[in-house]
Structures are given as C-alpha cells and as structure tokens.
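Note that the coordinates shown come from a computational prediction; the quantities given were computed from them, not determined experimentally.
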There are 2 protein chains.
Amino acid sequence: MSTNLKLSDADTRRASIIAAALSVFAQSGYGSTPVAAVAAKAGISQAYVFKLYPTKEVLFVAAMERCYEIILETLTAAADTAPDGSPEGILEAMGEAYARLIVDRDILMIQVHAQSAADIPAVKAVVRRGLATLVRLAKARSGASDAAVQSFIAFGQLCHLIVTTDLTELNDDWAQTLWKGMSHY
Amino acid sequence: MSTNLKLSDADTRRASIIAAALSVFAQSGYGSTPVAAVAAKAGISQAYVFKLYPTKEVLFVAAMERCYEIILETLTAAADTAPDGSPEGILEAMGEAYARLIVDRDILMIQVHAQSAADIPAVKAVVRRGLATLVRLAKARSGASDAAVQSFIAFGQLCHLIVTTDLTELNDDWAQTLWKGMSHY
DNA sequence: CAATTTAGTGAGTGATTAATCACTCAAATT
DNA sequence: AATTTGAGTGATTAATCACTCACTAAATTG
C-alpha cells in the first residue's frame, strides 16, 4: 500500500495499542469489544495487534495494568502534595485526585468491566494486585485507620456506580442522596 | 422427538427461563454468555427462548428485573422484622438481610454485569430504577439520614468488589482491611 | 370428531470475530 | 551488492452466535 513515512518500533506501537485498548475496552467492556476495534482506534491492522499481544485476554490485561499504573501514579503524587498532613487530610486529597482522574471515564470504566470479567483468572489476579497496591498506598501514605481506608475504597466504588449510571444527570431526591457530598466527582 | 409428558404453559416457562438466565448471565455476563446457554440451563430449545423473549437484550433485562424484585422483597421483609426500631438498627438489619441474600452470588453478579453493560440504554434504565426503589425503601423504612443511606449503598458496592475478587480467601493485611467489620457477608 | 390454538423444536442463515498465514517493504548488517 | 531482520498488512479460516422459519405434537374448543 502507500509508503509509510514514519515507522515506529514495536515498543512505541505497544504503547499506542494499549492506549487504544484502554479507551475502546472502556466503552464496551471485554466481551463486547472486538480486537478489530482496538486495531482501528490504534490505526494499525488487526494482525499486528495479535502479533504484539497474542490473545485478546492478554491485551485486556495489559490495558488493565496500564490503568492501575496511572491510578497509582496519580494517587502517589496527590499524597505528596496534600496541604494538610493529617491522615484524613491526606486521604481526602487522594480522593480528590482520583475524582479529577476519572472525569474522562476510561480509567473508571476499565475497572468496572474488569470486575465483570473477573471470572477470567488473569483478570481477577490483576484486580487483586491493583487493589492491594492501592490499599497499601492509602494506608502507608495517610496513616489513617483501617476503617477510614475501607471507607475510602467503598466510596470509590459508589463513585463508579454513580458514573456508570450517569446519576448526576438526575435531579430526583434518591439520586441526590447518593450523590451528595461527593461533589468533587 | 420423544413424547413430552408434562407441558407447561408459557408463563411457567417464562419463569424457568428467567431463573436460568439469572444464573447463567451471573456467571459470564451479558456479552460473554450465549442465549443457547440459557436455553440449555432451562432445558428447552434456543428457538423457544427467542419466541418468549425476542432479543438477548430483552432477556437480560428481564433477568435484571427479577433480580431487583428479589432484592426488594428481601429488604422489605428485613425492615419489618428488625428487632431494634432505631434508624441505624433497621439499616443494619437490611444490610444483614442483603448479606444473607447474596451468598449464592447470582443476585450480586447480575448487578455487577449490569453495571458493566450500562451502555445499553435499557440496561442503564433498569439499574437506575432498581437503585431508585432501593434507596427510597431504605430511606422510608429506616428513617435514617441521607448520609447513612449513602453509606449503606457504598458499602454494598464494596461488598460486590469483595465477592467478585474472592477477597475472603486471602489472609493478607490489605484484604483484611477491606473485609473487616463486614463479617456477615 | 374437526378445527383451531398453543407449546415446542430441528435445522438452518448471515454476520461477527478470535486467531493464523503468507506475504511485502524498508532498513540495518555484512 | 547481497542478506538478514523487523515492521506491518490483506486475505482467510474455523468457530461462534443472534436470530429465523418451517414444521409437529398436544391441548382446547365447538
């Protein structure tokens, strides 16, 4: 076909493939997104996606890993820049950083879809690992109590529910009940 | 084929189909479970499933609706039989009832998969409706504050995460952090 | 009993999709 | 200049899957 002016090496391609995978899987989940959609988004052939990632499962897991990587980086940075040094203050700063992170939805939706695909052992394993790192980070950097960290995660999950169902569009009282106080999301 | 001794009428069939759908969709989610699997579980032909439920989407939504129906029944009953009449006591009783309900996982997993499939408008609508009824019930029957009800839902979501990743199998400290105090689950 | 309605299926069909293969082309190496 | 290597694709394959249709057996009705 037409001459390709700029060739990327495999590692650059890998990066653009998982960027595409992150966004495409976030939209339709594991079972409902064809690998062809990832290839199209990345602007390369499906065949080459399969050359760099041998199965759809491997590709999805790679996207998940990138997702947790981003979350961890963001929360680590937030913990460092927390104005208030108190445990609750640091946890609060992490929560706000997470809120800002998930405005684009992809990071959030990948987690939702991963939970749904957790019957695949590799997926379950990565969710567990991501969660482990996240909990340990929150605990170590904030010094907050177990109960506070548990609550931190619980409200993160509530946030996922709110976003997937677009509850913020609704003015009903019940929706406000779930939404209230999570204003930064 | 062989003579069928006992024929059920359509409504009975419908009931057994959604019972099968509930269990099969709970295992592999919307995108990854073929309708043939539902038919097999119900012990009837795929063609007849499609006669009673015109599309896979309609079938899934029907299973979701049954799921919320069961949750609502259970929580309503729990609110009635709460020993302590205080708002927190009633909410606690509802939480425990929910915990007992989801030991079989199907009710829980359908919700997780529904959240993942919420880009389908009908699915999103039913999740919203189920959530609305649940929040209103919790509020009306317990009389608890908005914050308490919000927390009730948030910890329900945390519970979903714990179950999908089988965190109870793990003895690690971080897993205990998430798990602690939710002992009835 | 004849006619009609209801429950139910076997055998497809067309579309989609995960994965493979046989290639091409350009750049680096010898 | 000849050879190897690495990036990349078009075409295909084998399987799966949502959905349809022509049909039969049984129950119901008149």
Side-chain angles (χ1 to χ4, degrees), chain A residues 1-21 24-25 27-64 113 116-117 119-123, chain B residues 1-21 23-64 113 116-117 119-123:
Chain A
M1 69 163 327
S2 70
T3 54
N4 212 337
L5 294 205
K6 186 177 187 177
L7 288 189
S8 325
D9 62 1
D11 282 342
T12 311
R13 280 304 192 191
R14 253 179 260 265
S16 62
I17 288 171
I18 64 169
V24 172
F25 279 129
Q27 277 165 43
S28 8
Y30 179 76
S32 301
T33 61
V35 176
V38 177
K41 179 98 182 189
I44 61 179
S45 74
Q46 191 198 20
Y48 195 45
V49 173
F50 273 106
K51 183 164 274 179
L52 297 186
Y53 295 92
T55 65
K56 184 184 180 180
E57 187 182 313
V58 168
L59 178 60
F60 184 72
V61 166
M64 285 178 63
H113 292 312
S116 170
D119 61 313
I120 299 171
V123 171
Chain B
M1 42 158 3
S2 69
T3 54
N4 213 339
L5 294 204
K6 188 176 187 178
L7 288 189
S8 324
D9 62 358
D11 283 342
T12 310
R13 280 304 192 194
R14 255 180 258 265
S16 61
I17 288 171
I18 63 169
S23 134
V24 171
F25 279 128
Q27 278 166 43
S28 7
Y30 179 75
S32 301
T33 62
V35 176
V38 176
K41 179 98 179 188
I44 62 179
S45 74
Q46 192 198 17
Y48 195 45
V49 173
F50 274 104
K51 182 163 277 179
L52 296 187
Y53 295 93
T55 66
K56 185 185 180 180
E57 188 182 311
V58 168
L59 178 61
F60 184 71
V61 166
M64 286 178 62
H113 292 312
S116 170
D119 61 315
I120 300 171
V123 170

* Which heavy-atom pair separates A:Arg14 from A:Leu52 by the least distance, and what is that distance? ->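 The pair with the smallest heavy-atom distance is NH1-O, 3.5 Å.
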
* For residues A:Phe60 and A:Val123, report the shortest heavy-atom separation together with the two atoms involved. =>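 Answer, listing the atom of A:Phe60 first, then A:Val123: CD2-CG2, 4.0 Å.
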
What's the [atom1]-[atom2] distance between [X] and [N], to the nearest Å?
X	N	atom1	atom2	value
A:Tyr53	D:dG8	OH	P	13 Å
A:Ile44	D:dG10	CD1	P	12 Å
B:Tyr48	D:dT24	OH	C1'	14 Å
B:Leu59	D:dC19	CG	C1'	13 Å
A:Asp9	D:dT5	CG	P	18 Å
A:Arg14	D:dA7	CZ	C1'	12 Å
B:Phe60	D:dA18	CZ	C1'	16 Å

* Asked: Quick one: side chain to side chain contact (heavy atoms under 4.5 Å, CB included) partners of B:Ser32, sequence neighbours excluded?
  ->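 Partners of B:Ser32 under the side chain to side chain contact (heavy atoms under 4.5 Å, CB included) test: B:Ser28.
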
Considering only distance and modelled atom types, tabulate donor-acceptor pairs under 3.5 Å from the side chains of residues 34-47 of chain B, sequence neighbours left out.
unit_1  : atom_1 : unit_2  : atom_2 : d
B:Lys41 : NZ     : B:Ser23 : OG     : 3.2
B:Ser45 : OG     : B:Tyr48 : N      : 3.3

Give every pair of a protein N or O atom and an N or O atom of nucleotides 17-21 of chain C that lie under 3.5 Å apart, one pair per line with the distance.
unit_1 : atom_1 : unit_2  : atom_2 : d
C:dA18 : OP1    : A:Lys56 : NZ     : 3.0
C:dA18 : OP2    : A:Val35 : N      : 2.9
C:dA19 : OP2    : A:Lys56 : N      : 2.9
C:dA19 : N6     : A:Gln46 : OE1    : 3.2

* Any idea how B:Tyr30 and B:Phe25 line up, ring-wise: parallel (<30°), tilted (30 to 60°), or perpendicular (>60°)? ->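 B:Tyr30 and B:Phe25: parallel rings.
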
* Determine whether A:Gln27 and A:Thr33 make a side-chain contact, defined as any pair of heavy atoms from C-beta on separated by less than 4.5 Å. =>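 A:Gln27 does not reach A:Thr33 side chain to side chain.
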
* Asked: Looking at A:Arg13, does any N or O in its side chain come under 4.0 Å of the phosphate oxygens OP1/OP2 on D:dG8?
  ->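 For D:dG8, OP1 or OP2 has a side-chain N or O of A:Arg13 closer than 4.0 Å.
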
